[in-house]
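First up is the structure itself, then whatever we jot down about it.
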Amino acid sequence: LLLEALADALRWGDAGQKARAVALAARDTRPGAEALLRLAAADADPAVRARAEACRAEAERRLFDRAAALRPGGGAALARHLDRAAHSGLLDPIAATTAREEAAAIWRRLGAAAPQDGEAAAALGRDLLALGRVVEARAVLDAAVARGTANGATIGWLAEAAFRARDLPALDALVARWGPLLEAEAAGGARLAPAWRLWLGGR
């Protein structure tokens, strides 16, 4: 089944349909399945919430098992999976932080080995922001811009870092220089804080 169909069942279905959707989501290994369990965990029906909570441990175990299988390679695939696990909302806060820290270390290593790797810089900046290391994130993202390897995600996360640092002149400068890229990031629904998007309206 399409994940979108399961999401529709969780939003609009009756109790039986929601129960079936939770069961299917709990066994789904595709990226995005975790979001369905988060949706179920916020349902107004306590029975649906209880079903989602009961599935959490199994979903968490699958995330850890997949990380263990990828760890011998230790490359971008592992870092992407760790980021997915950390963002899933299914890990406890300590485990999510540990996953982000491991992912950040991998992205840093990959970026050092291949400075032209735009994905590594953007992902490292994103993970550092998630860990609350705003100054470090800005340095990584600024360096990517200086190298000429900035992509839309890099600029979007740099705007996020400037906003979190309350460096509004830097945010103005980013919008002036990179407005189209930032607009594309905002329109694409990237996981960015919505507040900095207000600056796009002044262009």
Side-chain angles (χ1 to χ4, degrees), residues 1-111 113 117 119-133 136-137 140 153 157 160 188-193:
L1 291 174
L2 292 174
L3 294 177
E4 292 84 352
L6 294 178
D8 286 343
L10 286 170
R11 290 189 183 97
W12 316 116
D14 58 29
Q17 291 167 333
K18 288 184 177 184
R20 178 65 173 157
V22 170
L24 290 171
R27 296 196 298 269
D28 202 311
T29 59
R30 291 172 292 176
E34 298 91 355
L36 296 177
L37 289 179
R38 291 201 306 272
L39 181 62
D43 196 89
D45 185 341
V48 176
R49 295 199 302 271
R51 287 179 183 275
E53 187 59 36
C55 294
R56 179 190 293 269
E58 175 64 19
E60 182 183 79
R61 185 190 63 76
R62 280 205 315 272
L63 290 171
F64 284 137
D65 287 349
R66 178 61 176 159
L70 291 170
R71 194 162 278 114
L78 173 58
R80 292 186 195 105
H81 177 75
L82 290 167
D83 284 335
R84 171 188 166 189
H87 184 69
S88 70
L90 301 178
L91 305 186
D92 67 67
I94 293 176
T97 295
T98 300
R100 285 195 175 97
E101 288 174 341
E102 185 179 356
I106 295 170
W107 289 123
R108 190 185 299 280
R109 185 171 65 250
L110 292 174
D117 186 347
E119 179 189 9
L124 176 57
R126 177 197 61 215
D127 285 342
L128 291 172
L129 283 171
L131 292 166
R133 293 152 64 177
E136 192 177 351
V140 167
W157 291 117
E160 170 79 355
R191 297 197 302 271
L192 303 171

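A quick note: this is a predicted structure, and the numbers were derived from the prediction, not measured. Just the heavy atoms: all of them, side chains too, but no hydrogens, waters or symmetry mates, feed the values below.
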Going through the checks in order, is the salt bridge (charged side-chain N to carboxylate O under 4.0 Å, His left out) test met by R51 and D43? CA-CA 10 Å; R51 287 179 183 275; D43 196 89; over 6 Å; no

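Nearest heavy-atom pair, A79 versus A103, reported as atom, atom and distance to 0.1 Å: O-CB, 3.8 Å. Nearest heavy atoms, A137 versus L128: CB-CB, 3.8 Å. Considering all non-hydrogen atoms of both residues, V48 and A40 come closest at CG1-O, 3.7 Å. Nearest heavy-atom pair across A69 and P72 is O-CD, 3.4 Å. Taking every heavy atom of both residues into account, A99 and L91 meet most closely at CB-CD1, 4.5 Å. The minimum heavy-atom distance linking D92 with I94 is given by the pair OD1-N, 3.0 Å.
A salt bridge is absent between E160 and R126; no separation between the charged side-chain nitrogens and carboxylate oxygens falls under 4.0 Å.
Rounding to the nearest 0.5 angstrom, the gap separating the CG atom in L10 from the CZ atom in R20 is 12.5 Å. Interatomic distance, CG of D65 versus CD of E58, reported as 8.5 Å (0.5 Å rounding). With rounding to the nearest 0.5 Å, the separation of CG in L124 from CZ in R108 is 5.0 Å. Rounded to the nearest 0.5 angstrom, R100 CZ and L82 CG are separated by 11.0 Å. To the nearest 0.5 Å, atoms CH2 (W107) and CG (D117) are separated by 7.0 Å. Atoms CD and CG, from E101 and D127 in turn, are 10.0 Å apart once rounded to the nearest 0.5 Å.
Looking only at distances, a side-chain donor or acceptor of R109 sits under 3.5 Å from a matching main-chain atom of G74. Under the 3.5 Å distance criterion, the side-chain polar atoms of Q17 are matched with a main-chain donor or acceptor of D14. Between the side chain of R71 and the backbone N or O of L78, no donor-acceptor pair lies under 3.5 Å.
For R49, the CZ atom counts as densely surrounded, since its 6.0 Å shell holds more than 12 non-hydrogen atoms of other residues, nucleotides or ligands.
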